Each structure stands twice: as C-alpha cells, then as structure tokens.
Protein chains: 2
Amino acid sequence: MMIPDFVDVKCSACPIRHRAVCARCDTEELLRLEKMKSYRTFPAGTEILWRGEPLDYVASVVSGVASLSKTMEDGRTQMVGLLLPSDFIGRPGRAKIEFDVTATTDVTLCCFARAPFEALVIDTPHVAQRLMELALDELDAARDWMLLLGRKTAREKIATFLDMLARRSQLITPKGAGTAPAAALHLPMTRDQIANYLGLTLETVSRQFSALKREGIIDVPDRRSVIVINIDLLQNATGDDADGGVVA
Amino acid sequence: MMIPDFVDVKCSACPIRHRAVCARCDTEELLRLEKMKSYRTFPAGTEILWRGEPLDYVASVVSGVASLSKTMEDGRTQMVGLLLPSDFIGRPGRAKIEFDVTATTDVTLCCFARAPFEALVIDTPHVAQRLMELALDELDAARDWMLLLGRKTAREKIATFLDMLARRSQLITPKGAGTAPAAALHLPMTRDQIANYLGLTLETVSRQFSALKREGIIDVPDRRSVIVINIDLLQNATGDDADGGVVA
DNA sequence: CCCAATCCTTGATACAGATCAAAACCATGA
DNA sequence: TCATGGTTTTGATCTGTATCAAGGATTGGG
C-alpha cells in the first residue's frame, strides 16, 4: 500500500496524529518513536515551561489547549501562539525557548526526550523536512497575527479569532436550507485569555461578543460556546481578503 | 585549519556573509553555490515579490534594506519583517509566500535559483540545519514583535525600534568619558514606513521622536539619522527586561 | 443548599493615539 | 535661483479602547 509523503502519523496509543512525523518513514523509525514516548498531563493554569528553562522534551499536544505567551516586567502579557491538539512543541537544535508555555485547559502531552528525538531527526531527513514545514507554518501564522495586532479593530480581531477557531476545529456544520452554514464552537479559554491573545482587554472582548450577538451574527448560549449564525457576515467583519484560507 | 560548525560563509564576491550556509560544508558545495549565483538590484520602492507569486529564487540581502508586509483589502498595511544585509529570503520546500517583499532602500540581492539550491540543501544536512535555525530565529523575532504590537505604548515601540537598530547595526560606539555609550544610527526608512513597522501612524512616530529628543535621550540631526545620547534611558523606555539580548 | 470565588457583562469616564489640517523643511532639477 | 513635490513637524480635534466601578451569572465546595 502506497503512503503519500508528509501525511502525518497516527500512532498506536494517541488519539491524534503527530504532525511532526511523516508517514514515509519506515516502521523502524516509528518503533523508535513508540519506545521513547511518554505522557504527561497538566491541569488548567499550570506552567508547562518557563521562559529560559532548559528544554529537555519535545511534545505533541494530545488533548486540551496550551498557549505560548510573553510577559513584560510590569505584568502586561501577550499570547504569541495557541497550541491545539496535534500541534508540536519544541525546537530542533535549541535548548531554550523565549516564552512561557501554559496549560490553558487541562492538557495532555505526548513527550519525547529531546536528545533521542533529535538523533532520530538527523537519521530521517523526511522528519527534518516536516519540522521545517511546521516552523514555516508557525511563522506564517505569527505574521498573520502581527497584522491583526497592529492594524485590526477590536471587532475585526474578534471576528478573525472566531473564524480561525471555526477553521481549525473544522466544525463548520451545514444547517437548514439557508445559504450560510452555521458552526458551533467551543471556546477553550476565558474572556481574559482571549483578550491576551488579541491584544485587547477582557471588557472589550465581552462588549464585542455582545455587539456581534445583538447583530445576529453569532449566538452565545453559554460562556464557553459560540454559535456562528451567519458565517459570511462574520468573515466580512474580519477585514481579510475573501480567500483568507491558505491553499496547501 | 579547523573551521567551527555554523560559522556563516563569506563568499568571494559578496561583501557580506551568507547566513544560510555553513562553513563546514566542503569546497565542493561552495563551488556549486558560486556557480548558481546571480545578482539583482532593485531601486527603493520596488516590489520584489508579490504575495502568492511563484517563488523561483532564494536570496541573501547584500546591501540595502527590504521589508516583508501584509496588506488588508482597504489598504491598511503592517510590516511583518525587516531584511537587513546578510538576511535570507526564501522558504525551503515552499513555492509561494504569504506576504509582499518590497525594496525599502535600493537593494542588491544575491540570488540562487530555487531548484538547484534545494538540491544542495538536500545533499548537505548542515545547510538544512542552518536554514531551520534561521527560520526559528525569525519566529522568535516575530513573537517579540507580537508583544510589541499588542501591548506596548507608542513610546515603548519607538524605543524598542531604535534599540533594535542599534543592536543589529552594532554601531554602539563608546564616546567621551561618560558611562553611557552613544550610538549613531542610520534610519533606513521614512517615518511612514517606521509607522507601518510599529503599528502606528507617521504623526505619532514623529511626535515620539520629538519627545525623546526633548528629553535629551536622542538627537535627530537629520531625517535619516538618530544619535542615541543615553542608551540606558532608551532601554528603560522599551519596557523589556534588562537582559533583552538573546544569548547565542 | 448556600457560600465563596471566579468569570462575565454593562455603564461611566479618561486618555492615547488616530485623524484632519496646515505649515515648515528638504532635495531635486530646470 | 527658484519652483516643485515629497517628507516631516506641529497643532486641534475626534474616537476607539482602556480604565474604573458595580452588579449579575456561573461554578465548585462544604
């Protein structure tokens, strides 16, 4: 059976695909991966890694959501990345990171000790190439976020955030006879954390949610849920080009 | 003679080091690089690459400054990266980019056709590793900039920008008997471009320059120059931790 | 079941930075 | 030398978001 290049690996025990590994690698490599695997769970709010700490593990997020953030001396913080299941934590060839990793919800990681993982990477160019691809994906995402942080209004930020969640969780469920599909989203974070992600305050986030609800674009049945009623209007509100999606 | 790993290559014709190449590679690879090299110059303001355009070349910046930027439908733009001499343009394994590359000043690039360059990368793991390092450096820089865009005040943004220029151009020249060294900086861009980089308007940039000058922290002898009179005060104004520098 | 803690919403007000406008500055070429 | 067009500075005003403040909703524990 022919397996295409760069399809990510579904390993035996984890309910997710490990995005850092490619399916063309031989069974031998997969076995090596299996052997060095270990699981760790962190309750919501836990610091998984501090800035500057030595980085002994790399990991895939198996369940839950973790976040990368940077903090200023006086306490202002900015989230610089969101890690959803299947995302990869770790930097090949680097012993330290320049930001904090925090469990936003309860998080389970599938960890690999860094040293043997890097040895594996050196042996298998496909994995190295896949890691490079992931790094470039992260870079593109970071740059999109820079546009959001630097130029978008509060309303556009919220719309972009909800649109991103809809895309990433792929929960866009067609519904009813109308042309606009609706999506039920689970918010993995509090208003305060959303604010930190978007460069806003929690009050502004709350007000924008209320405004979008008032206009009938979304519904907010409870604090952790959003129903996208009119996805076209939501996407109009993001300020992005129509073809916001990246064509792989 | 022993050459340490990952020292970047100074090639025969360019006045800079190509950061994408490592010195441990054999002469053979260097020769291959030499052969596929070509130079292109772009006058200030030229579009070097449009978003979505096929990416046939990778390149090093030899002289001048180029910028990466993203634009919204309605014209708002945000610079998402600055390319100074020795910086690398291009994405191994990717045929497209998600932003525009513009010549900020007159720019000369040392170009390599993408296909043979990638073949070289595949043959030489050290180069691949170096490219990964560069991508991770860019990612760290992007994340620092996200903190700046999302949370810093106009004054902190300007101070951070000047401090970054001072570090990158390494023009920190000790001067006089005082404890605070001074630095003469050349600004490679207009107020408008600085504003686009910092997520501000040109008027705000100008006002903050004036304010820092009034306070005796900098001097602005002409539109394209800044003299840092008190670098300690400048760094205090960035809002960053004292050890803002990344220890390599 | 109630209490405490946390999270969320809404209102009133303040302010940093955007926007609008005009004048000063500077480089370039005729 | 002067006109010309682009860039920068400065001023006046406006506005979106932060800040301050209070009350309401939700959750978990005893």
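Note that this is a predicted model, so its numbers are computed, not measured. Reminder, nothing fancy here: chain letters follow the sequence lines and each chain counts from 1.
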*asked:* Once side chain to side chain contact (heavy atoms under 4.5 Å, CB included) is applied, do any residues pair with B:Ala141, and if so which ones, sequence neighbours excluded?
replied: none
*Kindly write out the residues that satisfy side chain to side chain donor-acceptor pair (under 3.5 Å) with B:Ser69, not counting sequence neighbours, or none if the list is empty.*
none
*Only pairs at least two apart or in different chains count here, so list each salt bridge (charged side-chain N to carboxylate O under 4.0 Å, His left out) that has a residue in residues 203-215 of chain B.*
B:Arg155-B:Glu215
*Between B:Lys70 and B:Thr77: side-chain donor-acceptor atoms closer than 3.5 Å*: no
*Residues in side chain to side chain contact (heavy atoms under 4.5 Å, CB included) contact with B:Ser225, at least two apart in sequence or another chain*: B:Pro221, B:Asp222
*Please give, in whole Å, the distance from C:dT9 P to A:Asp192 CG?*
13 Å
*asked:* List the residues meeting side chain to side chain contact (heavy atoms under 4.5 Å, CB included) with A:Pro43, not counting sequence neighbours, and say none if there are none.
replied: A:Thr46, A:Asp106
*Let me have a per-nucleotide readout for nucleotides 17-26 of chain C, 5' to 3', with B, S or -, counting only protein heavy atoms under 4.0 Å.*
SSBB----BS
*Net bend of the helix from C:dC1-D:dG30 to C:dA30-D:dT1, end axes of five pairs each, nearest 10 degrees*: 30°
*asked:* My understanding is that only residues two or more places apart in sequence, or in another chain, count here; which of them pass side chain to side chain donor-acceptor pair (under 3.5 Å) with A:Thr105?
replied: none
_Just to be sure I understand the rule, does A:Ser206 reach a base, reach only the sugar-phosphate, or reach nothing, if contact means heavy atoms closer than 4.0 Å?_
base
*With A:Ser210, which residues qualify under side chain to side chain donor-acceptor pair (under 3.5 Å), at least two apart?*
none
*Who passes side chain to side chain contact (heavy atoms under 4.5 Å, CB included) against B:Arg91, sequence neighbours left out?*
A:Leu136, A:Leu139, A:Asp140, A:Arg143, B:Leu55, B:Arg94, B:Ile97, B:Phe99
*asked:* Heavy atoms only, 4.0 Å cut-off, all strands: where does B:Ser210 land among base, sugar-phosphate and nothing?
replied: sugar-phosphate
*5' to 3' on DNA chain D, which nucleotides open and close the contacts with chain B (atom under 4.0 Å from a heavy atom)?*
D:dG6 to D:dA12
_I'd like to check the side chain to side chain donor-acceptor pair (under 3.5 Å) partners of A:Thr238; sequence neighbours left out, ordered by chain and number._
none
